[in-house]
Undergrad: 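One structure coming up, written as structure tokens, with questions to follow.
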Amino acid sequence: QVQVVESGGGLVQAGGSLRLSCAASGRTFRSYAMGWFRQAAGKEREFVAALSASGGSTYYADSVKGRFTISRDNAKNTVYLQMNSLKPEDTAVYYCAAEVSKYGSTWSTRYDYWGQGTQVTVSS
């Protein structure tokens, strides 16, 4: 069983930045692809970014491309989501997920373990 815990959410003004962290348990962290998803109030969960197990491949939703960066530190069992130039429409609960695969995916159904989420609120 893998536990995934997000942190780093909060309230920020439009144009500001936040860095989300996702700590995952387990000695096999480096074999998992990791992803970030978000869910705004009244909307379905949507893909944000994903990263292969090696860190060599990254995937982004068009809405965040050029503003968000996903990265990982396998020595710390941690994945990060650096969010810059934040917009009010980025307001959502952000979820980190681990996929028992080396590739990474934009599909939420491919992920095996999920965190509880962290709230990000961007004020205008």
Undergrad: Hey, quick one: are Tyr80 and Phe47 part of the same hydrophobic cluster, counting side-chain heavy atoms closer than 4.5 Å, chains of contacts allowed?
TA: no

Undergrad: Can you tell me how far SG of Cys96 sits from CD of Gln116, rounded to the nearest 0.5 angstrom?
TA: 12.0 Å

Undergrad: How about Met83 and Val64: do any of their side-chain heavy atoms sit closer than 4.5 Å?
TA: no

Undergrad: Asp90 vs Lys87, test: salt bridge (charged side-chain N to carboxylate O under 4.0 Å, His left out). Steps then yes/no.
TA: CA-CA 5 Å; Asp90 294 318; Lys87 304 175 181 180; over 6 Å; no

Undergrad: Do Leu81 and Val12 sit in the same hydrophobic cluster, where Ile, Leu, Val, Met, Phe, Trp and Tyr count as joined when their side-chain heavy atoms come under 4.5 Å apart?
TA: yes

Undergrad: Treat each ILVMFWY residue as a node, draw an edge where side-chain heavy atoms are under 4.5 Å apart, and state whether Met34 and Val2 are in one component.
TA: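 The answer is yes; both residues are in one hydrophobic cluster.
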
Undergrad: Count the heavy atoms of every other residue, nucleotide or ligand shown that sit under 6.0 Å from CD of Gln3, and state whether that count exceeds 12.
TA: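 Count not over threshold, so no.
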
Undergrad: Any non-hydrogen side-chain atom of Ser63 less than 4.5 Å from a side-chain atom of Arg38?
TA: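 With C-beta onward as the side chain, the pair touches.
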
Undergrad: Give the minimum heavy-atom separation between Ala50 and Ser105, together with the two atoms involved.
TA: CB-O, 3.5 Å

Undergrad: When rounded to the nearest 0.5 angstrom, what is the spacing between CD1 in Ile70 and CD in Gln82?
TA: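 One gets 12.5 Å once the value is rounded to the nearest 0.5 Å.
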
Undergrad: So if you build clusters from Ile, Leu, Val, Met, Phe, Trp, Tyr with side-chain heavy-atom gaps below 4.5 Å, do Tyr95 and Leu20 land together?
TA: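 No, no single cluster joins them.
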
Undergrad: Listing request: all salt bridge (Lys or Arg N to Asp or Glu O under 4.0 Å) pairs with a residue in residues 102-121, at least two apart in sequence or in separate chains.
TA: Glu99-Arg110

Undergrad: Which heavy atom of Tyr111 sits nearest to which heavy atom of Ala33, and what is that distance?
TA: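 Looking at all heavy atoms of both residues, the shortest contact is CE2-O, 4.3 Å.
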
Undergrad: Would you confirm whether Thr91, through its side chain, and Val122, through its main-chain N or O, come within 3.5 Å as a donor-acceptor pair?
TA: yes

Undergrad: Between Ala98 and Val4, what is the shortest heavy-atom contact and its length?
TA: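 Scanning both residues, the minimum pair turns out to be CB-CG2, 4.4 Å.
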
Undergrad: For Phe68 and Leu86: C-alpha separation, side-chain torsions, deciding distance, then whether side chain to side chain contact (heavy atoms under 4.5 Å, CB included) applies.
TA: CA-CA 9 Å; Phe68 291 11; Leu86 283 161; 3.8 Å; yes

Undergrad: Taking the six-membered ring of Phe37, is the NZ or CZ of Arg45 close enough (under 6.0 Å from the centre) and on axis enough (within 45°)?
TA: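 No, cation not above the ring by the 6.0 Å, 45° rule.
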
Undergrad: Using the rule given for side chain to side chain contact (heavy atoms under 4.5 Å, CB included), can you reason through Ser52 versus Tyr103, listing the C-alpha separation, both sets of side-chain angles and the distance that settles it, and then say yes or no?
TA: CA-CA 5 Å; Ser52 63; Tyr103 298 111; 5.8 Å; no

Undergrad: Run the side chain to side chain contact (heavy atoms under 4.5 Å, CB included) test against Arg30 and tell me which residues pass, sequence neighbours left out.
TA: Asn74

Undergrad: Less than 4.5 Å apart, any side-chain heavy atom of Tyr32 and any of Val100?
TA: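 Heavy-atom side-chain distance check passes, below 4.5 Å.
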
Undergrad: Can you see which heavy atom on Asn84 is nearest to which on Ser17, and at what distance?
TA: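 Heavy atoms of Asn84 and Ser17 come nearest at OD1-OG, 2.9 Å.
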
Undergrad: When you measure from the centre of the six-membered ring of Phe29, is the NZ or CZ of Arg72 under 6.0 Å away and within 45° of the axis?
TA: yes

Undergrad: When you measure from the side chain of Asn77 to the backbone of Ala23, do you find a donor-acceptor pair of N or O atoms at a distance under 3.5 Å?
TA: no

Undergrad: Hey, quick one: are Tyr60 and Val79 part of the same hydrophobic cluster, counting side-chain heavy atoms closer than 4.5 Å, chains of contacts allowed?
TA: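 The answer is yes; both residues are in one hydrophobic cluster.
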
Undergrad: Considering all heavy atoms of both residues, which atom of Ser108 and which atom of Trp114 are nearest to each other, and what is their separation?
TA: O-CZ2, 3.4 Å

Undergrad: Do you know the tightest heavy-atom contact between Glu6 and Gly117?
TA: OE1-N, 2.9 Å

